Amino acid sequence: MNKDTFTFALLFSFLIFSCAKNTNTNQSNNDIYTKVDSLMSLMTIKEKIGQTIMYSGDWDVTGPVVSSNNMTLLKNGSLGAMLNVYSAKKTKELQKIAVDETRLGIPLLFGYDVIHGFRTIFPINLGHASSWDVEDIENSARIAAEEASSEGLHWTFAPMLDIGRDPRWGRVSEGAGEDVFLTNEIATAYIKGFQGQDLSMHNTILACAKHFVGYGAAQAGRDYHTVNMGEDELRNVYLPPFKAAVDAGVETFMTAFNEINGVPATGNKFIFRDILRDEWGFNGFVVTDYTAINELVPHGFAENEMHAAEIAIKAGIDLDMMSGAYKSYLEKLVHENKISVDLINDACRRILISKFKLGLFDDPYRYSVEERKINTIYKPEFLEAARKSAAMSSVLLKNNDDALPLSKTETIALIGPLVKDKENIIGNWAAAGDRKGKAISIFQGIKSYLNDANILYAKGCDINTNNKSGFKKAISLAKKADKIVLVMGENYHMSGEAASRTNIKIPGIQTELIKALRKEAPSKQIILILMNGRPLDLSEEDSLTDAILETWFPGTSGGYGVADVLFGEYNPSAKLPITFPRSIGQVPIYYNVKNTGRPIPLDNPKEDYKSNYIDSPNTPLYPFGHGLSYTNFEYSDITLSSNKIGVSDTLLVSVNIKNTGNYDGHEVAQLYIHDKVGSITRPVKELKGFEKIFLKKGEIKTVKFKLTSEDLKFFNGIEFTAEAGEFEIAISGTSDFSFMNSFELIR
Ligand code: NOJ
């Protein structure tokens, strides 16, 4: 048999084998592994390397386009995946080339940043985390997957699971905030939503846990910057959300741009091989972040790109996003005996397994069906869901003298650069969201509740120019109105990737406008509606205004959702997933800090030689877990089933919560513990559970939590363990409370 006949015979047997199984879309993993082995036995080394390469499409007025270089790679079977290409039509066209024109017809994988919605945009992730509503978050990811998959996409580069404790870092907007427990829960929700029950369905997509790991701890909040941390912090704070992602069945991981303890993540064997694969048993594939292999050179970790490719493949990185280093050097590295071909086989195998799981070998065009797209994008129920999420994600930071809710009969002066905005309201990573027509502005939302005559509108100023010419009109309208409602904040470029700020105040002259309004209309209540992608320093605004509603960037239906809150149609229930400092000087500031050897005495916070500032309190302006409602909730009668538990016991903790105000509403009850003494020190508070409940006015409910020694475990430098001793415990509507109860773990 000559070589060609041999190849043909193998190919034929692969196809027969593959087709014989095609009737069953819910293929077992063993079937898939056998098919992948069979396919790989036909592949040349070049074709295998091809599977490890991903390039981006471009975009022009006609839609997505692919460069001639990438087209050549595609036709040669040297391109396994593409990013930034979507639409049923274009993905089908490219898929046809992969299937019909390459030797083995292996389908392409299309990935995209579907971060908080695809077309129907939900609140930015930090905003949605404020809802503490994991079902709603899962539903938003399900909707995003429905929409994205109807436009040919197989894979989202989400969720971002980086703990964010530094508001200077623009990417805090993309995560779930500062807390490990909350981020773990949200990680699971996103992954379930994107991947669904069965990846072989046409409306489910691969999720990607990113950025592994430590990216949120970038020094000075500067994007891509150095990260140094001990293994205790790594394992207790930064790794757990990724472990939760593995447990939830996430199919892919993305490397972080940063170095961690001197080793860039994209070349870090310890995190990718030792932890991710060996300890956690992850068997999906790992993609680099954009050009991250090349970046090993400027990091000072690789001599050149060939060396970088060697480091990355040895570290267990499977798919090269945009660097070109795998394309140029993997084969050469094998020929020069610098790497074993097994490393390429492993990477290729893992990527092919995902393609099989998606059902792409059964029907490569299943995601690229124009009719499905037409019936899916912007479905009314999706827009309605986004409205609900926007309402659930808006945090009422303050509300003096019941400035909110607004009544439908009062006249408001509606002022600010973001009142009519449709461009920023959908946030930074708004995927294929529409920044013009589709988004509902706050103005439109308010108009749906008020008569035109009751809205006196003035823009007042821009977000970041110094032009004060609009102040005069704003002031004169404010004087005529019953209340002043301001819509201000950041523009969408000010958060997200490469958007670190050293000044986290409201930009430009917006605060000057608030001051002018306060001065000229001193008796009018001022309500500040904020849009922004990070905690801001709101110290001045806090003293100038009567109410502040943090809406983040609330998404496509944001105007309606926010108006629902303003008019009391939805009673605010969101709680901050991240601390708001009093000033940039307090950063990083987060609730579960360590006590230090010199904690400040509660009765004398300014005492000398204690761990305090001489010019500021230690406390934040608005703490983690804080968020007001139009009603009040009273917590009483916390009860513990025992004051001692053993390692295999379950502690039952309950509390009565009563709605003592005048509105029905939701409350997020938060369970915190404090491990008083540890073989390594433990934080002063740790969230270990939460439950969102609905209470009619006057209603009382008992909320119950179960706690076991599993919940008390931490990494003590050697192992994860729950150490015997005393634990304080509390259930509260905010992280700002004092413990009153405790129990003991005995071993
Ligand atoms: C760089 C970002 O860090 C990452 O989060 C994103 O998924 C990729 N670019 C692809 O757009």
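The shown structure was predicted, so the numbers you read here are calculated from the model rather than taken from an experiment. Note that the numbering runs from 1 along the sequence shown for the chain. Atoms within each ligand, like the ligands themselves, are counted from 1 in listed order. Heavy-atom basis, side chains included; hydrogens, waters and symmetry copies ignored.
- Residue, atom and distance of the protein heavy atom nearest to atom 11 (O) of ligand 1 are Asp113 OD2, 2.4 Å.
- Applying the 4.0 Å criterion to heavy atoms of Phe157 picks out, from ligand 1, the atoms 7 (O).
- Residues Trp169 and Asp162 have side chains in contact (heavy-atom distance under 4.5 Å, counting atoms from C-beta outward).
- Residue contact check for ligand 1: Tyr112 places no non-hydrogen atom closer than 4.0 Å to it.
- Between Tyr215 and His211, the ring planes are perpendicular. Angles over 60° get that label, and only those under 30° would be called parallel.
- Ring planes of Phe122 and His128: parallel class, angle under 30° (limits at 30 and 60°).
- Considering each of Thr291, Val287, Asp289, the one bringing a non-hydrogen atom nearest atom 4 (C) of ligand 1 is Asp289.
- The distance from ligand 1 to the heavy atoms of Lys210 drops below 4.0 Å at these ligand atoms: 4 (C), 5 (O), 6 (C), 7 (O).
- Take Asn503 and apply the side chain to side chain donor-acceptor pair (under 3.5 Å) test, not counting sequence neighbours, and it matches no residue.
- Of the polar atoms of Trp429, none of the N or O atoms is found under 3.5 Å from an N or O of ligand 1, judged by distance alone.
- Ring centers of Tyr367 and His154: under 6.0 Å apart, within the cut-off.
- A perpendicular orientation is assigned to the rings of Trp155 and Phe285, their planes being inclined by more than 60° (bins at 30° and 60°).
- Only side-chain heavy atoms of Arg171 come within less than 4.0 Å of ligand 1; its backbone N, CA, C and O stay farther off.
- Residue Tyr290 has no N or O atom closer than 3.5 Å to an N or O atom of ligand 1.
- Of the N or O atoms in Glu174, none lie within a sub-3.5 Å distance of an N or O in ligand 1.
- Only the side chain of His211 comes within 4.0 Å of ligand 1, counting heavy atoms alone; its backbone N, CA, C and O stay farther away.
- Sorted by first then second residue, the ring pair (Phe, Tyr, Trp, His ring centres under 6.0 Å) pairs that include residues 303-331, not counting sequence neighbours, number zero.
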